[in-house]
Amino acid sequence: MSTPGQKVAVITGASQGIGASLVDAYRKLGYAVVATSRSIAPSQDPNILTIQGDIADPATAERVAGAAIERFGRIDTLVNNAGIFIAKPFTDYTQADYDAVTGVNLTGFFRITQLAVEQMLRQGCGHVVQLTTSLVDHAMSAVTSVLASLTKGGLQSATKALAIEYASRGIRSNAVSLGIIKTPLNPEEYHKTLAALHPIGRMGEVGDIVGAVIYLENAPFVTGEILHVDGGQSAGH
Ligand SMILES: NC(=O)c1ccc[n+]([C@@H]2O[C@H](COP(=O)([O-])OP(=O)(O)OC[C@H]3O[C@@H](n4cnc5c(N)ncnc54)[C@H](OP(=O)(O)O)[C@@H]3O)[C@@H](O)[C@H]2O)c1
């Protein structure tokens with residue numbers, strides 16, 4: 001069990017990039033954290049439980065939510081951070097691309113969010129956060145990626161629908177819509193080109209995104225929000 005009064009966050013895609021930094025940030029806030037991804041390593045911190053699994057497999061969601069409740073007794077926050085990105089001309093996408101992207105980005109959201117919300121309803125409070133992309137609101141001919149728009153656009157709509165369905169029952173739902181961020185997803189040789197895609201003229205840092213998630217965490221009157229943290233990308237060029 002968590003210590004009395006301690007909150008608990010479940011973070012998917014937590015082995016590297018934004019997810020790994022979110023684990024640190026929630027620990028700094030005093031949360032116990034259940035961190036999951038396929039390759040995540042065990043933690044020495046007794047307040048971090050790591051669980052390996054493919055989030056595209058609903059059985060992983062069952063194991064993660066079950067372990068959170070068994071070990072820490074509750075789920076206060078779920079951050080749906082696991083995601084993959086494949087940029088191609090639309091007609092070049094293969095069925096394998098489609099299965100991979102929808103598997104992680106959509107199926108990987110569905111069961112874990114159902115299980116977290118069920119627990120949040122028992123508690124009478126909770127917060128669900130999705131990580132999306134500003135390509136949903138502002139498509140760019142230089143980054144053709146219909147599968148990102150299809151899946152992350154679905155998540156953005158689901159973010160609002162969840163917010164409204166559960167607003168009166170203490171559960172908030174928000175999203176952070178990202179520009180292009182310096183993580184292992186974006187190899188360094190492309191950084192200069194990617195920086196130029198943002199009106200502000202630089203790529204985002206992991207800290208920009210973590211700060212936005214933590215803002216939403218501490219904003220009890222904010223729900224159904226798609227918070228763009230994208231250097232102006234969604235506003236125009
Ligand atoms: N970085 C950007 O520019 C950018 C832009 C827009 C949106 N985003 C979104 O922000 C989120 C985090 O991105 P990031 O840049 O931090 O990505 P990243 O560095 O590529 O990390 C992705 C994480 O997801 C996990 N993951 C991938 N496939 C998985 C699977 N099948 N099952 C479970 N876990 C899986 C990976 O861990 P394992 O390999 O151990 O499974 C890893 O921890 C994603 O949702 C991404 O779509 C990022």
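Both ligands and their constituent atoms are indexed starting at 1 by order of listing. FYI, side chains are in, hydrogens and waters are out, and symmetry mates aren't considered; it's all heavy atoms of this structure.
The option from Gly83, Ser15, Ala148, Ser37 that lies nearest to atom 42 (C) of ligand 1, judged by heavy atoms, is Ser15. Distances from atom 10 (O) of ligand 1 to the heavy atoms of Val79, Asn80, Leu178, Thr107 put Leu178 nearest. Across Gln233, Arg38, Gln52, heavy-atom proximity to atom 41 (O) of ligand 1 is greatest for Arg38.
Proximity of a side-chain donor or acceptor of Arg38 to a complementary backbone N or O of Gly13 within less than 3.5 Å is not detected. Looking at Ser149, its side chain never comes within 3.5 Å of a backbone N or O of Leu147 through a donor-acceptor pair. Judged purely by atom type and a 3.5 angstrom limit, Thr50 has no side-chain atom pairing as donor or acceptor with the backbone of Ala35. A donor-acceptor distance shorter than 3.5 angstrom exists from the side chain of Gln123 to the backbone of Ile75, with no hydrogens or angles considered. Listed for the Arg74 side chain is no donor-acceptor partner under 3.5 Å among the backbone atoms of Gln119.
For atom 23 (C) of ligand 1, the nearest non-hydrogen atom of the protein is Gly13 O, 3.5 Å. Looking at atom 18 (P) of ligand 1, its nearest protein heavy atom turns out to be Gln16 NE2, 3.3 Å. Thr183 OG1, 2.5 Å is the protein heavy atom nearest to atom 15 (O) of ligand 1. When only non-hydrogen protein atoms are considered, atom 11 (C) of ligand 1 lies nearest to Asn81 O, 3.1 Å. At the shortest separation from atom 40 (O) of ligand 1 among protein heavy atoms lies Ser39 OG, 2.5 Å.
Looking at Ser134 against ligand 1, nothing comes within 4.0 Å, counting heavy atoms. At a heavy-atom cutoff of 4.0 Å, ligand 1 is contacted by the side chain of Lys152 but not by its backbone. Of all the heavy atoms of Thr132, the ones lying under 4.0 Å from any atom of ligand 1 belong exclusively to the backbone.
Ligand 1 lies out of reach of Gly204, whose nearest heavy atom is not under 4.0 Å from it. For the pair Gly179 and ligand 1, a heavy-atom separation below 4.0 Å is found.
Close approach to Ile180 involves these atoms of ligand 1, each under 4.0 Å from a residue heavy atom: 3 (O). Listed by number with element, the atoms of ligand 1 under 4.0 Å from a non-hydrogen atom of Gly17 are 16 (O), 19 (O). Which parts of ligand 1 touch Ala82 is read off a 4.0 Å heavy-atom cut-off, strictly below it: atoms 24 (O), 45 (O). Those atoms of ligand 1 that come under 4.0 Å of a heavy atom in Leu185, given as number and element, are 1 (N), 2 (C), 4 (C), 15 (O), 19 (O), 20 (O), 48 (C). Interface of Thr133 with ligand 1, defined as ligand atoms under 4.0 Å from a residue heavy atom, comprises 6 (C). Against a heavy-atom cut-off of under 4.0 Å, Ala14 is close to the following atoms of ligand 1: 43 (O). Listed by atom number, the atoms of ligand 1 under 4.0 Å from Asp54 heavy atoms are 30 (C), 31 (N), 32 (N). Near Gly53, meaning under 4.0 Å from any of its heavy atoms, are these atoms of ligand 1: 32 (N), 33 (C).
At under 3.5 Å, a nitrogen or oxygen of Ile18, whether backbone or side chain, sits near a nitrogen or oxygen of ligand 1. At a 3.5 angstrom cut-off on N or O pairs, Ile55 counts as close to ligand 1. In terms of polar-atom proximity, defined here as any N/O pair under 3.5 Å, Val104 makes no such contact with ligand 1.
In Phe85, the CZ atom is crowded: over 12 heavy atoms of neighbouring residues, nucleotides or ligands sit closer than 6.0 Å. Counted within 6.0 Å of CD1 on Ile200, heavy atoms from surrounding residues, nucleotides or ligands total 12 or fewer; the atom is thus considered open.
For the pair Gln156/Gln130, no side-chain contact is recorded, criterion being any heavy-atom separation below 4.5 Å from C-beta on. Side-chain contact between Val79 and Leu131 is present, with at least one heavy-atom pair separated by less than 4.5 Å. No side-chain heavy atom of Ile11 sits under 4.5 Å from any side-chain heavy atom of Val34.
Using cut-offs of 30° and 60° on the angle between ring planes, the pair His138 and His237 is tilted.
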**OP:** Test side-chain hydrogen bond (donor to acceptor under 3.5 Å, both in side chains) on Tyr215 and Glu225 and set out the steps.
**Re:** CA-CA 12 Å; Tyr215 160 73; Glu225 175 65 11; over 6 Å; no
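A distance of 4.5 Å separates CG of Leu216 from CG of Asn174, quoted to the nearest 0.5 Å.
Under 4.0 Å is where a charged nitrogen must lie from a carboxylate oxygen, and between Arg202 and Asp208 at least one such pair does.
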